[in-house]
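Quick note on labels: first sequence line is chain A, next is B, and so on, each numbered from 1.
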There are 2 protein chains.
Amino acid sequence: MKKTQPKIKDVAFVAGVSTATVSRALTQPDRLSAPTRQKVFDAIHSTGYRVNQAARNLRTRRAGAVLVLVPNLGNPFFSAILSSINDVLAANGYSVLVFDSQQPGASEHAVADCFLNGSVDGMITLDGHMSDATGHALRSTNMMQQVVFCCEWSDQWQLPSIRSNNGLGTRLVVDHLVALGHRRIAHVAGPAENILAEVRKKAFAQRCAIHGLDISPDWIVEGDFSLGAGARAAERILALSERPTAVFCASDAMALSFITRCQQLGVAVPQDISVVGFDDIELAAFMEPGLTTIRQDRSGLGRLAAQELLARLRGEQKTEGAHVIFAPVALIERGTTAAPP
Amino acid sequence: MKKTQPKIKDVAFVAGVSTATVSRALTQPDRLSAPTRQKVFDAIHSTGYRVNQAARNLRTRRAGAVLVLVPNLGNPFFSAILSSINDVLAANGYSVLVFDSQQPGASEHAVADCFLNGSVDGMITLDGHMSDATGHALRSTNMMQQVVFCCEWSDQWQLPSIRSNNGLGTRLVVDHLVALGHRRIAHVAGPAENILAEVRKKAFAQRCAIHGLDISPDWIVEGDFSLGAGARAAERILALSERPTAVFCASDAMALSFITRCQQLGVAVPQDISVVGFDDIELAAFMEPGLTTIRQDRSGLGRLAAQELLARLRGEQKTEGAHVIFAPVALIERGTTAAPP
DNA sequence: CCGCGCGATGTAATCGATTACAATCCGAGA
DNA sequence: TCTCGGATTGTAATCGATTACATCGCGCGG
C-alpha cells in the first residue's frame with residue numbers, strides 16, 4: 001500500500017515519458033500519438049493516479065467550482081432549483097458550493113471568502129439582493145461577468161437574469177378569476193423589499209385596472225411567502241366588512257396556509273372564497289381540494305441559469321450587461337377556484 | 001485600477017517585510033511582534049490583498065471544503081439539514097460542496113472526482129447507501145476517517161453516524177395510538193432497501209407485539225416516503241375488508257397525501273381513521289387538521305454531524321469506528337389522531 | 001565580558017500540475 | 001541531397017502561498 005498519492009512524475013516514470021506528456025494526455029489527448037497516449041493511460045491506471053486539483057487550479061487560475069447563493073436553503077422551492085443547477089454544472093465538471101444568504105452577513109462573507117480569493121469561478125444567486133459592497137467588490141475584480149441571477153434579480157446591477165414570466169403568470173390568475181365572475185379580488189403579496197413581490201403586485205394592480213375592477217387597499221396584504229404569513233393574511237382578510245370573493249397569493253405556501261385558516265374559521269374554499277397560489281410546489285396537487293396555481297418551471301430555471309453561467313465561463317457571452325431570459329409559466333386549474341358565491 | 005490581484009510578495013514589499021512574515025501574519029499572528037503585525041495588516045488593507053486559496057491548498061494539502069451527499073436535493077426534509085450543516089461548517093471556514101446522490105452514478109463520481117483528488121477534506125452523507133467501490137476507494141486513501149453519516153446510515157461501514165432515535169419515535173407513535181384505544185394499526189413504510197424504513201418497520205412490529213396487537217400483513221404497505229406513495233397506500237388500505245383504525249406513516253409527506261386521499265374517498269380523519277406521520281415538517285402544523293407526528297430535530301442533526309466531522313478533521317476523533325449519536329425525537333400531538341370510531 | 005537561548009524575521013525549498021519554448025524526427029518538395 | 005514544416009515529445013519556468021532552516025539581535029547568568 002502506497003503511503004502517498006502518486007503524482008504526475010510517478011506516472012511519467014512508469015510510462016517512460018516526461019511529465020509534460022502525461023499532462024497533455026490528461027488535458028489534450030489529441031496532441032499525442034496513439035501509442036504514447038496508450039502507454040500513459042496504462043500508467044495512470046496502474047498507479048491509481050488522480051490529478052491534484054489544488055495544483056491544477058493554481059496553475060490554470062481556475063477553481064472548477066461555482067457558488068450558488070440561496071435565500072433560505074430550507075425552502076423546497078429553492079432546493080428544487082438548486083438541484084437542477086447542480087445537475088448541469090456537475091455534468092460540466094464544476095462543483096457547486098452553496099451558501100445560505102440569509103445567514104447574517106453570509107452573503108458578504110461568501111462573496112468575499114470564496115469569490116475574491118479565487119475559490120470559485122462564478123456565481124448564481126437566487127437572492128435578488130446584492131449589497132453595494134458586494135457588487136463593487138465583484139466589479140473591481142472583473143468578476144461581474146461571471147454572475148447570473150436566477151428567479152429573483154436586481155435592477156441595480158446589469159446582470160443576466162433567468163426568471164419566470166411573473167407578469168404573465170399574474171395576468172393569467174386575474175383573467176382566470178375574472179372569467180369565473182369574480183370582481184373583488186384580494187392579493188397576499190411577498191415582502192415589500194422583494195422584487196418578485198413587487199412585480200407581481202404591480203402586475204396584479206394593472207391587470208385588475210384593465211378589467212375595470214375596483215381593488216380596495218384593504219385587500220392588499222403584505223406577507224413574506226411563508227406558511228405563517230398565509231394564515232395571518234387569512235385572519236385579516238376574512239375579518240373585513242367588505243370581504244373579497246377571491247384571493248391571489250404570491251406563493252403556494254401562503255395559499256396553502258390561507259386555505260387552512262379559512263377552513264378553521266368556517267369559510268369554505270372554493271365555495272365561499274377562491275384561492276390561487278404561485279409556484280406549483282409538488283404538494284399543490286396532493287391537497288384537497290387541489291390548489292389552483294401558476295406553475296413555474298423550476299428545473300428549467302436552474303438549468304437555464306447554469307447554462308448561461310457556463311457560456312460565460314467559456315467566454316462566450318454574447319450580450320454585455322443584462323440578458324433576461326423568461327421561463328414559461330402556466331395556469332394549473334385545480335379545485336380551489338370556482339364562481340363567486 | 002490594478003490589472004492583477006496583489007500577491008503576498010506585493011504585500012511584503014509594501015509592508016517592508018518578507019513574504020514569510022506576511023504569511024505568518026495571516027496564519028499565526030501571535031508569532032509576530034505587535035508593530036510588525038500592524039504594518040502587515042495595514043499593507044494587506046491598502047493593497048486589497050486576498051489569499052489565493054489554490055496556492056494555499058496546494059501547499060497545506062487541505063481543501064477547506066466538505067462534500068455533502070444528499071439523496072434528492074429537492075426534498076425539503078434534507079434541505080433543512082443541509083442548511084444547518086452549512087451554517088456550522090461555514091462558521092469554521094469550510095465551504096460546502098453539495099451533490100445529489102440520486103443522479104445516476106453521481107455518488108461514485110462525486111467521491112471519485114472530489115474526494116480522491118483532494119478537493120474536499122471530508123464528507124457528510126445523508127444517504128445510507130454507500131457502494132463497495134466507494135467504500136473501498138475511501139478506505140484505500142485513508143479518507144474513511146473523514147466520513148460521517150447523518151440521518152441515514154449503513155451497518156456495512158463502521159462510521160460515525162448522527163441519527164434520530166427512530167426506535168423511540170416509533171414506540172411513541174404506537175403507544176399513543178394504543179392509549180387512544182386503537183388495536184388495528186397499519187404502517188406505510190419507506191422503500192425496502194432503506195435503513196430508516198427498515199428500522200421503523202421493525203420497531204413498529206415489536207412494539208405492537210408488546211402491546212399484544214395482532215397486525216395483519218395486509219396492513220404493512222411499502223411506500224417510498226414521497227407524496228405519491230401516501231395516496232397509493234390510502235387506496236390500498238381503505239379497500240381492505242378488515243380496515244385498520246389507525247395508520248402510522250413513515251414520513252409526513254406520505255401521511256399528508258394519505259389524509260388527502262382519505263378525504264377524497266369520503267373517509268374522515270381522525271373520526272374514521274387516525275393518521276400519524278414522521279418528521280414534523282413545517283407544513284404539519286399548517287394543515288387542517290394539524291398532523292400528529294414525530295418531530296425530528298433537523299437542525300440538530302445537521303449541526304451534530306457537522307461538529308462530528310469538524311472534530312475528525314482536527315484529528316480529535318476519540319472513538320475509532322462507529323460512533324453513534326442519537327438526536328432526540330418527540331411526539332407532537334395535533335388533530336389527526338383520536339379514539340377509534 | 002562571553003556565550004547561551006529565545007524571539008523575531010528572512011531565505012529559499014516546496015507543494016504538483018501546466019505550458020512556453022526548444023529539440024528532435026520524418027517526409028515532401030526543390 | 002538539402003531544406004522546410006509539421007507533428008511529437010522533452011526541459012524547465014511558473015502559478016502563490018507555506019514553512020524548515022538560517023540568521024540576527026538582545027538580555028541575562030556565569
- [ ] Would you mind telling me which of A/Leu89, A/Val88, A/Val120 makes a side chain to side chain contact (heavy atoms under 4.5 Å, CB included) with A/Val96?
- [x]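 Exactly one candidate clears the test, A/Leu89.
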Rounding to a whole Å, what distance do you find between [X]:[atom1] and [N]:[atom2]?
X	N	atom1	atom2	value
A/Gln28	C/dA17	CD	P	16 Å
A/Asp30	D/dT8	CG	P	10 Å
B/Arg56	D/dT19	CZ	C1'	13 Å
B/Arg24	C/dG10	CZ	C1'	8 Å
A/Gln53	C/dA17	CD	P	10 Å
B/Lys9	C/dG10	NZ	C1'	14 Å
A/Leu58	D/dA13	CG	P	17 Å
B/Asn57	C/dG16	CG	C1'	13 Å

Scan the side chains in residues 8-15 of chain B for donor-acceptor partners under 3.5 Å anywhere in the protein, sequence neighbours excluded, and list what turns up.
from	atom 1	to	atom 2	distance (Å)
B/Asp10	OD2	B/Lys7	N	2.9

TODO: Look at all strands and tell whether B/Val22 reaches a base, only sugar-phosphate, or nothing, counting heavy atoms closer than 4.0 Å.
DONE: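 If one applies the 4.0 Å heavy-atom cut-off, B/Val22 turns out to touch nothing in the nucleic acid.
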Under 4.0 Å between a side-chain N/O of [X] and OP1 or OP2 of [N], yes or no?
X	N	result
A/Ser23	C/dT19	no
A/Arg61	C/dT18	no
A/Thr60	C/dT18	no
B/Thr19	D/dG16	no
B/Tyr49	D/dG16	no

To the side chain of [X], which of [options] is closest?
X	options	answer
B/Leu32	D/dG10, D/dT8, C/dT9	C/dT9
A/Ala55	D/dG10, C/dA17, D/dT18	C/dA17
A/Ile8	C/dT18, D/dG10, D/dT18	C/dT18
A/Arg31	C/dA17, D/dT8, D/dT18	D/dT8
A/Thr21	C/dG10, D/dT9, C/dA8	D/dT9

- [ ] Estimate the overall bend of the helix from C/dC1-D/dG30 to C/dA30-D/dT1 from the end axes over five pairs each, rounded to 10 degrees.
- [x]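 Here the helix ends are tilted 60° relative to one another.
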Report yes if the side chains of [X] and [Y] come closer than 4.5 Å at any heavy-atom pair, otherwise no.
X	Y	result
B/Leu26	B/Tyr49	yes
A/Cys151	A/Ile81	yes
B/Leu69	B/Leu126	no
B/Met123	B/Val66	no

Open item on the list: On the side chain of B/Arg50, is there an atom forming a donor-acceptor pair with the base of D/dG16 - under 3.5 Å, no angle test?
Closed with: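 Under the 3.5 Å cut-off, the side chain and the base do not form any donor-acceptor pair.
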TODO: Indicate, yes or no, whether a donor-acceptor pair under 3.5 Å links the base of C/dT14 to the side chain of B/Arg59.
DONE: yes
TODO: Give a yes or no on whether the ring-centroid distance for B/His129 and B/Trp157 is below 6.0 angstrom.
DONE: no
Task: Identified side-chain hydrogen bond (donor to acceptor under 3.5 Å, both in side chains) partner of B/Asp42 from the options B/Lys39, B/Gln38, B/His45 - done: B/Gln38
